[in-house]
Enquirer: 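First the structure, which I've put down as structure tokens, then a few questions once you've had a look.
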Amino acid sequence: GASILLLRACLVLLASPVYLLSFLGIWEPFCKKIFFPYILDKIGAVHEKKSKKYKQELFSNLPDFRGPSGALRLLEIGTGSGSNFQFYPPGCKVTCTDVNPHFQEGLAKNMKKNQHLQYEAFLVAAAEDLGQVPSGSVDVVVCTLVLCSVNSVSSTLREALRVLRPGGAFYFLEHVAAEHSSWRYFWQQVCYPTWKLVFAGCCLTRELWKNLEEAKFSELKIQHISIAMPWMPIEPHIVGYGVK
């Protein structure tokens with residue numbers, strides 16, 4: 001515990017300009033508008049290469065959840081710049097949501113690249129409050145690298161279940177806390193406060209599989225996987241889907 005506190009203090013010193021900007025109320029708007037979309041694009045490109053095979057496998061059965069009309073209505077929580085679009089089947093009707101409206105450039109670029117999809121709407125909404133989306137109105141909800149930074153995981157999962165039709169599915173790929181006895185978990189604890197501030201609320205030590213197991217899914221498939229990100233504490237990951 002003492003070692004963690006000491007190393008946390010060292011990180012605070014290294015990141016003192018960010019802490020000062022945060023104290024002055026400057027960091028959050030700058031992070032939201034400029035820093036986070038930029039850094040997420042850079043880190044996301046690396047993560048995308050390493051996670052591609054897992055996403056291809058994860059989303060391979062999306063067509064199985066088409067609604068009675070034959071269409072697949074998909075809602076993505078925390079769409080960001082739309083890196084998942086390439087994995088969705090042709091004709092899929094996509095509604096995008098994100099609490100941060102400043103991803104337009106990357107989102108527009110990925111929409112142009114993926115014209116096999118039908119884009120229904122972009123909603124600025126928190127994951128915990130999708131009130132603009134009617135209950136039971138979508139076949140699939142997708143949430144990747146988002147549950148780490150929501151204010152309430154349980155509320156987010158409740159909203160996902162609400163907007164899903166019966167028999168619909170919630171797909172996820174998230175980084176989670178490492179094994180408690182591991183050095184990786186030690187460094188996650190060290191980095192936690194500074195990482196959360198710098199990366200827009202991203203929490204390193206959430207045991208998200210527990211939240212998913214507690215949610216009211218009729219069927220839940222979770223796989224614990226390794227997506228190595230050198231020099232970054234966002235490891236290990238979980239991937240899978242739950243059926244309403």
Side-chain angles (χ1 to χ4, degrees), residues 44-45 47-98 103 106-107 109-123 125 127 130 132-148 150 153 156-176 208-209 211-213 215-225 227 237-244:
H47 192 278
E48 195 58 44
K49 288 180 183 177
K50 293 179 177 291
S51 65
K52 186 172 183 177
K53 66 176 181 179
Y54 295 108
K55 286 189 176 183
Q56 286 174 330
E57 182 181 349
L58 172 66
F59 295 125
S60 63
N61 69 340
L62 275 175
D64 295 347
F65 293 98
R66 294 183 190 275
S69 67
L72 181 67
R73 299 162 301 167
L74 184 150
L75 172 76
E76 182 163 356
I77 297 174
T79 307
S81 60
S83 62
N84 290 327
F85 292 163
Q86 61 184 301
F87 303 106
Y88 300 158
C92 180
K93 298 181 177 182
V94 181
T95 297
C96 308
T97 74
D98 206 295
F103 286 100
L107 189 62
K109 184 169 68 175
N110 273 316
M111 282 179 168
K112 283 182 181 178
K113 277 184 180 178
N114 295 279
Q115 295 188 12
H116 64 291
L117 305 177
Q118 297 178 37
Y119 300 101
E120 301 281 277
F122 177 82
L123 308 175
L130 301 172
Q132 300 172 73
V133 183
S135 299
S137 63
V138 298
D139 304 303
V140 167
V141 173
V142 173
C143 186
T144 61
L145 302 181
V146 172
L147 294 178
C148 59
V150 298
V153 177
T156 299
L157 294 177
R158 277 197 299 271
E159 274 293 82
L161 281 163
R162 180 186 67 79
V163 301
L164 278 171
R165 64 165 175 82
F170 174 78
Y171 284 75
F172 57 87
L173 187 154
E174 301 285 344
H175 67 83
V176 294
L208 295 171
W209 64 90
N211 299 96
L212 288 159
E213 288 166 355
K216 295 178 180 178
F217 292 109
S218 62
E219 178 186 350
L220 181 63
K221 296 184 182 295
I222 299 181
Q223 183 182 0
H224 292 255
I225 61 172
I227 300 175
H237 289 67
I238 57 171
V239 62
Y241 65 93
V243 179
K244 178 176 176 178

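Side chains included, hydrogens not; waters and symmetry mates left out as well; all remaining heavy atoms used. Small disclaimer: the values here were computed from a predicted structure and weren't measured. Start at 1 with the first residue, then count along the sequence.
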Enquirer: Give a yes-or-no answer on whether the side chains of Asn114 and Tyr119 include a donor-acceptor pair shorter than 3.5 Å.
Expert: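 Checked: Asn114/Tyr119 side chains show no N/O donor-acceptor pair below 3.5 Å.
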
Enquirer: Search all heavy atoms of Phe65 against all heavy atoms of Arg165 and return the closest pair with its distance.
Expert: O-NH2, 2.8 Å

Enquirer: So which heavy atom on Leu164 is nearest to which on Phe170, and how close?
Expert: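 Shortest heavy-atom separation between Leu164 and Phe170 comes out as CD1-N, 4.0 Å.
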
Enquirer: In sequence, state the C-alpha distance, the side-chain angles, and the governing distance for Leu62 and Phe87, and then conclude on side-chain contact (heavy atoms from CB on, under 4.5 Å).
Expert: CA-CA 9 Å; Leu62 275 175; Phe87 303 106; 6.0 Å; no

Enquirer: Roughly how far apart are Leu72 CG and Asp64 CG, rounded to 0.5 Å?
Expert: 10.0 Å

Enquirer: Give, for atom OG1 of Thr144 and atom CG of Leu58, the distance between the pair rounded to the nearest 0.5 Å.
Expert: 9.0 Å

Enquirer: Quick check: closest heavy atoms across Leu157 and Asn211, and the distance to 0.1 Å?
Expert: CD1-O, 3.6 Å

Enquirer: For the atom pair OG (Ser135) and CD (Glu159), what is the distance rounded to the nearest 0.5 Å?
Expert: 7.5 Å

Enquirer: Does the pair Glu120/Arg73 count as a salt bridge with the N-to-O cut at 4.0 Å?
Expert: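 Here Glu120 does not pair with Arg73 in a salt bridge, since their nearest N and O are not under 4.0 Å apart.
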
Enquirer: Under 3.5 Å, is there a donor-acceptor pair between the side chain of Thr95 and the main chain of Glu76?
Expert: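 Checked: no pair found.
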
Enquirer: So, for Leu161 and Ala215, which heavy atoms are closest and what is the spacing to 0.1 Å?
Expert: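 Smallest interatomic distance, heavy atoms only, reads CD1-CB, 4.5 Å.
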
Enquirer: In Å, rounded to the nearest 0.5 Å, how long is the span from CD of Gln86 to CG of Asn110?
Expert: 7.5 Å

Enquirer: Evaluate the criterion side-chain contact (heavy atoms from CB on, under 4.5 Å) for residue pair Leu75 and Leu130; output intermediate values, then yes/no.
Expert: CA-CA 10 Å; Leu75 172 76; Leu130 301 172; 4.0 Å; yes

Enquirer: If you take all heavy atoms of Gln132 and Ala125, which pair is closest and at what distance?
Expert: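 Scanning both residues, the minimum pair turns out to be NE2-CB, 3.8 Å.
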
Enquirer: Rounded at 0.5 Å granularity, tell me how far NZ in Lys93 sits from CZ in Arg66.
Expert: 11.0 Å

Enquirer: Side chains of Tyr54 and Gln223 only: does a donor on one sit below 3.5 Å from an acceptor on the other?
Expert: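 Judged by distance alone, the side chains do not pair up.
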
Enquirer: Rounded to the nearest 0.5 Å, what separation is found between the CD1 atom of Ile238 and the CG atom of Leu147?
Expert: 7.5 Å

Enquirer: Looking at every heavy atom in both Cys148 and Leu208, which two are closest together, and how far apart are they?
Expert: N-CD1, 4.4 Å

Enquirer: Leu173 vs Leu145, test: side-chain contact (heavy atoms from CB on, under 4.5 Å). Steps then yes/no.
Expert: CA-CA 6 Å; Leu173 187 154; Leu145 302 181; 4.3 Å; yes

Enquirer: Let me see the working for His47 and His237 under ring pair (Phe, Tyr, Trp, His ring centres under 6.0 Å), right down to the final yes or no.
Expert: CA-CA 12 Å; His47 192 278; His237 289 67; 5.1 Å; yes

